[in-house]
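Convention: sequence-line order gives letters A, B, ...; per-chain numbering from 1.
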Amino acid sequence: MTTLLSARDLTKVFGDVTALDSVTLDIDAGECVGLLGPNGAGKTTLLSLAQGLRRPTTGSVQIFGGDPLDAANRQRLGSTPQTTGLPEALRVGEVLEFVAAHYDEPSPRDQIIDEFGLEPLLRKQCGALSGGQQRRVAVALAFIGNPELVLLDEPTTGLDVDARRALWDAVRARHAAGCAVVVTSHHLEEIEQLAQRVVVIDQGAVRADGTLSSIVASVARRRVTLSGVPAQRIAELDPTAAVTEDGGTVEAVVADADSLVRSLVQAGEPFSQLTVRGATLEEAFLALTKEAV
Amino acid sequence: MSTAQLALTHARYNLIETARVPIAVIGSMVFPTLAFCLFVLPQSYVTQDPAMATASVASMVVFAFMASGLFSIGIDLAEQRAKPWVPFLRTLPAQPGARIGGMLLATLAIGTLAMVPLLIVGALFTAAAPAVTDLVAAMGLAILTAVPSMLIGFVIGTVSGPKAAIAVTQVAMFLLAFGGGLFLPPQMFADWLNTASSFLPVRQAREIVVNTALGEAIPPWAILGILAWTVLLGALAAWLYRRDEGRRFR
């Protein structure tokens, strides 16, 4: 497996703030990795070091086996501006051509236009685009160079549900075609939708690194919802459960849902409308960062 | 695509952007001509003398290029660096030369346009009458010798935030224009000032352009000086571009 991005003891200090603290991380060809963490966790700093925008304080980061500060090593790298900041006076078509001019073997223009649905926008000036349209163009720019590795920093921030799904579909299609994708987000649904591997970053350090399901499983919390049994009774059956009651529906977040259900049945409790589901990434993530503190 | 081709591409889109906000171009085109009309034209002893008139038009041409380098590049770049598009451009696989060269070429193109109304006013309302070959050579050299001014603008824009850039640019412009002999002819300088002035790239540019327009020999110190400045400032600009980590807030 080819390693596309490799960080070794990567540390970046801004004044008296340690943004990244000895991060070691490999991203291999074809992976789809979610970088998850709260604001200020160091996600964007990690990406900016990999893009050659900043230099590490200590440690090293390599892309395609070389220094990201060397322009030649960025030929197969795709990035997107974090906040919408396209040149207002240029038309979308012009921006696509301008960015494509930097690459030796860019993606065919029509393919990019088609994948990201840019046809109706081509003649518009970037300043005239809506927030959602600007994001679509910004993410499309990351794929113009036909990259092997794409770093997407908060790609769908501020988008409505439809626009977000359309953009995810386009990114997923590129990933299916072999492009490795690193996506940062504190928007958890985004990571769940896109990533196969999740790296949790908090306070500049890697807190967890595993498959999407293993990150969720490592917290091993389940959410049990039922009616007909008082909350207090659930708490007696499983003292570790976090129980809430809302209009006759009781919700319990428990470590072992199977054992709770067994004891409910053995006690002959008259429960109804039982549902059990895995904790969302948000719940898993909250538990992980709490444990780290 | 080679760095030189990419620089042309950068220049092209830079000019397209500028042309869509025409008031910016009109400002840099009209300002030098207006300054000439207000400060030089009323002085008939200058405008009636062919050599003095030619020298004053040539000086104003140098001033036009210097001002567009400092203002268009310096202040504009400082503003752009605070926006997300510039960091994005830096993630693209391009050498610093592509972006620096692109800005230079675009600004030189606008400076060349700004030269036109100035030359027309000079031809119509003064006694300036340089030989055609001298005129063409002086125009070409005015463009080439403007490169250090553009690079100074680039350096200011890269090391200062938007508000600081305005202040630094104004001070730099005044010092360079006065020290370079563009406001007062160097013949009126004290000896020590004349010596100090000869180390300034703008003075060297003035010497090259004015002497060429007058059909006189160019002093070698001006040529050596401006070449040294171009190399030095070019290296400084590329180094600053590489180590730039965006705008910092503390």
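- Interface remark: A:Gln125 contributes side-chain atoms only to the contact with chain B (heavy atom separation under 4.5 Å).
- When each of A:Pro87, A:Gly78, A:Ala72, A:Pro68 is checked for heavy-atom pairs under 4.5 Å with chain B, A:Pro87 comes out on top.
- By number of non-hydrogen pairs under 4.5 angstrom with chain B, the leading residue of A:Asp70, A:Val99, A:Leu151 is A:Val99.
- For a residue to count as touching a neighbouring chain, one of its non-hydrogen atoms must lie under 4.5 Å from one of that chain's; by this rule A:Val95 touches chain B with the side chain only.
- In terms of modelled atom types and a separation under 3.5 Å, the side chain of A:Asp160 and the main chain of A:Ala163 share a donor-acceptor contact.
- Between the side chain of A:Lys43 and the main chain of A:Leu36, no donor-acceptor pair closer than 3.5 Å is present.
- The pair B:Arg20-A:Glu94 counts as a salt bridge, with a side-chain nitrogen and a carboxylate oxygen less than 4.0 angstrom apart.
- A salt bridge links A:Asp26 with A:Arg8: at least one charged nitrogen is closer than 4.0 Å to a carboxylate oxygen.
- Contacts with chain B (heavy atom to heavy atom, under 4.5 Å) involve these residues of residues 100-109 of chain A, listed by number: A:Ala101, A:His102, A:Tyr103, A:Asp104.
- Closest of all the heavy-atom pairs between B:Ala165 and B:Gly74 is CB-O, 4.3 Å.
- For B:Leu92, the parts lying under 4.5 angstrom from a heavy atom of chain A are both the backbone and the side chain.
- In terms of heavy atoms, B:Pro148 sits closest to B:Thr230 at CG-OG1, 3.5 Å.
- Taking chain A as the reference chain and counting heavy-atom pairs below 4.5 Å, the highest number among B:Gln95, B:His10, B:Arg242, B:Lys83 is found for B:His10.
- The cationic group of B:Arg12 does not satisfy the cation-pi geometry with A:Phe98, failing either the under 6.0 Å distance to the six-membered ring centre or the 45° limit from the ring axis.
- By the side-chain contact (heavy atoms from CB on, under 4.5 Å) test, A:Arg123 pairs with A:Arg91, sequence neighbours left out.
- Between chain B and the residues A:Ser48, A:Gly52, A:Ala71, the most heavy-atom pairs under 4.5 angstrom are made by A:Ala71.
- Between B:Met29 and B:Leu113, the shortest heavy-atom contact is CE-O, 3.6 Å.
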